[in-house]
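Just so it is clear: chains get the letters A, B, ... in the order the sequence lines come, proteins before strands, and each one is counted from 1. Heavy-atom basis, side chains included; hydrogens, waters and symmetry copies ignored.
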Protein chains: 2
Amino acid sequence: MTAALTDFARLSINDATTQNWTLAEEIVGYAARGIRSISIWRDKLAACGRDRAVAMIADHGMRVSGLCRGGMFPRETAAERRAAIDDNLRAIDDAAALKAACLVLVVGGLPGSSKDIAGARAMVHDGLAAVLDHARKANVKLAIEPLHPMYAADRACVNTMRQANDLCDALGAGVGIACDVYHVWWDPELESEIHRAGRDRLFAFHICDWLVPTQHLLLDRGMMGDGVVDIRKIRGWVEATGYAGDYEVEIFSAENWWRRLPGEVIEVCKERYLSIV
Amino acid sequence: MTAALTDFARLSINDATTQNWTLAEEIVGYAARGIRSISIWRDKLAACGRDRAVAMIADHGMRVSGLCRGGMFPRETAAERRAAIDDNLRAIDDAAALKAACLVLVVGGLPGSSKDIAGARAMVHDGLAAVLDHARKANVKLAIEPLHPMYAADRACVNTMRQANDLCDALGAGVGIACDVYHVWWDPELESEIHRAGRDRLFAFHICDWLVPTQHLLLDRGMMGDGVVDIRKIRGWVEATGYAGDYEVEIFSAENWWRRLPGEVIEVCKERYLSIV
């Protein structure tokens with residue numbers, strides 16, 4: 001049995017969790033509550049300004065567990081695929097400026113009206129291959145996030161840890177995995193594929209919970225402990241690899257957690273981090 | 001490229017598709033529209049009465065492609081698991097009376113407040129093992145239906161064709177698979193696991209479509225052609241095994257198809273069967 005966590009040294013909050021705060025408010029508000037790590041979405045980064053964000057993060061003694069998100073490689077036309085690659089190159093530069101532990105990749109689903117999921121997966125491979133050299137030179141790790149199969153059509157056609165590991169095998173150093181319990185908890189191969197990924201390939205570990213019933217495919221994630229995921233068991237599998245990164249809370253919850261005061265949400269995250277994670 | 005279908009000889013309608021008809025109305029209404037095969041849910045069978053259903057099906061020259069559903073094996077207590085097994089034994093008897101091509105099994109999810117999905121999967125194995133002898137003697141095929149991973153918690157903890165094949169390997173003859181494109185279309189191992197299942201293990205093939213966006217986790221399935229599933233490609237993989245069973249349309253659609261006149265829905269099914277499936 002994996003022991004409970006006893007402090008917040010490795011707790012990161014993904015800033016989608018505090019949807020109604022700006023990035024500046026988050027840096028101040030997280031730091032004031034003893035959170036040392038943040039994961040940042042690019043829209044909030046753009047609204048804040050990159051230089052200001054970098055300075056504020058340094059001033060508050062924080063680190064960045066991830067930048068969300070690159071990816072979205074499959075597109076209908078070559079010009080659109082090129083634009084996606086350019087956008088990923090800019091995301092890599094942002095991640096480098098933030099000294100982010102990784103750039104999280106939501107790889108993209110079926111382009112346009114396509115029904116060719118194998119073709120989309122090939123575009124993901126090719127898109128990753130096209131940006132990998134730039135990422136390596138910038139010292140930015142690319143973290144493929146396998147998304148739950150219910151997002152295969154519209155968000156990510158990489159849906160299991162096995163697929164992500166296979167992509168890493170094909171692409172080589174610099175490409176790894178962001179493992180989010182929400183997306184992979186159901187997978188009978190989860191333990192073996194976490195082991196296969198190992199410390200060198202596990203770039204991020206995201207936590208929240210799967211609610212029963214789930215009311216909305218995208219915006220009804222649960223707080224740790226409110227659902228059915230055995231988060232501590234999965235954390236044990238991750239730690240068995242030697243993973244030394246952060247435990248990042250990411251909760252999309254339009255009808256519940258996003259309606260509460262962000263400071264209150266962080267306090268609940270902290271409480272559940274000790275009792276559940 | 002798999003050729004289009006040219007007649008309705010192998011078209012079956014799962015009677016959940018015509019939610020607002022009784023079983024008697026379905027037998028008459030399907031037969032009148034040239035449908036020769038029906039898949040029946042047990043609640044409608046009970047409302048009709050088994051003897052009457054058997055007689056009506058024979059009178060209308062129809063066959064039964066499946067009885068829905070057995071399964072739901074994981075339960076919190078031994079007494080509840082025993083009751084689930086007893087219910088499956090009755091379902092097997094019903095399937096035998098109907099001469100159904102198979103009893104479709106929705107195996108069940110996490111029992112009670114459990115977070116132990118491996119334990120639930122073990123209960124599925126044990127439940128199947130407990131009813132298999134009765135099924136063999138009754139000459140009823142047990143078709144495990146891998147359900148989409150979004151149902152892992154509350155409906156079925158068997159979520160991929162690989163898992164279903166592994167269970168079949170463990171249990172032996174008489175246990176096979178109901179392959180529903182809605183649940184498995186995203187799986188990168190789908191083609192290889194259909195091949196692995198083969199003709200002897202593919203007891204049913206269900207069709208509908210995955211809509212983008214999907215509005216509800218359970219009740220927003222699409223008509224063939226309205227979503228992103230390459231149904232014809234998957235049918236080609238199934239036919240390559242030598243599968244000679246029916247192609248069964250099963251659409252749960254509270255806000256669209258269930259609100260239309262059932263006769264109209266069947267006509268659309270037939271049209272799409274030729275143009276899309």
Side-chain angles (χ1 to χ4, degrees), chain A residues 109-122 124 146-160 162-164 166-167 181-191 209-218 220 222 224-234 276, chain B residues 109-122 124 146-160 162-164 166-167 181-191 209-218 220 222 224-234 276:
Chain A
L110 294 164
S113 59
S114 169
K115 298 184 179 187
D116 180 10
I117 196 163
R121 286 164 174 160
V124 170
L147 255 55
H148 194 283
M150 69 186 175
Y151 305 123
D154 50 357
R155 283 185 173 75
C157 58
V158 174
N159 305 105
T160 63
R162 177 193 282 260
Q163 264 185 292
D166 288 348
L167 265 173
V181 298
Y182 189 76
H183 299 301
V184 300
W185 72 274
W186 60 272
D187 187 348
E189 301 184 322
L190 182 56
E191 182 178 10
D209 215 332
W210 180 279
L211 299 176
V212 178
T214 292
Q215 303 288 358
H216 187 276
L217 270 76
L218 188 61
D220 192 29
M224 299 81 72
D226 289 345
V228 299
V229 180
D230 191 339
I231 303 172
R232 188 164 295 175
K233 177 179 281 184
I234 299 173
I276 299 291
Chain B
L110 294 165
S113 59
S114 168
K115 299 185 180 188
D116 180 11
I117 194 162
R121 286 165 174 159
V124 170
L147 254 55
H148 194 283
M150 67 186 176
Y151 305 123
D154 50 359
R155 283 186 174 73
C157 58
V158 174
N159 306 105
T160 63
R162 177 194 283 263
Q163 264 184 291
D166 288 348
L167 265 173
V181 299
Y182 189 76
H183 299 300
V184 300
W185 73 274
W186 60 273
D187 187 348
E189 302 184 322
L190 181 56
E191 182 178 9
D209 214 332
W210 180 278
L211 299 176
V212 178
T214 292
Q215 303 288 358
H216 187 276
L217 270 76
L218 188 61
D220 192 29
M224 299 80 74
D226 289 345
V228 299
V229 179
D230 192 339
I231 303 171
R232 190 165 295 175
K233 177 179 282 183
I234 299 173
I276 299 290

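- With a 4.5 Å cut-off on non-hydrogen atoms, B/Trp210 touches chain A through its side chain but not through its backbone.
- Each of A/Leu218, A/Asp116, A/Leu110 has some count of heavy-atom pairs under 4.5 Å with chain B, and the biggest count is that of A/Leu110.
- Between A/Pro149 and B/Met150 there is no side-chain heavy-atom pair separated by less than 4.5 Å.
- Contacts with chain B were tallied for A/Pro188, A/Pro213, A/Ala153, A/Ser114; A/Pro188 has the most, counting heavy-atom pairs under 4.5 Å.
- Annotation for A/Ala152 and B/Trp185: closest pair CB-CH2, 3.8 Å, computed over non-hydrogen atoms.
- Annotation: side chain to side chain contact (heavy atoms under 4.5 Å, CB included) contacts of B/Asp154 (sequence neighbours excluded): A/Val212, B/Tyr151.
- We find the CG-NZ distance between B/Asp209 and A/Lys115 to be 5.5 Å, quoted to the nearest 0.5 Å.
- For the atom pair CH2 of B/Trp186 and CD of A/Gln163, the computed distance is 7.5 Å after rounding to the nearest 0.5 Å.
- For chain A, the nearby parts of B/Leu217 are the backbone and the side chain; heavy atoms of each come within less than 4.5 Å.
- Not counting sequence neighbours, the partners of B/Asp187 by the side chain to side chain contact (heavy atoms under 4.5 Å, CB included) test are B/Thr160, B/Glu189, B/Leu190.
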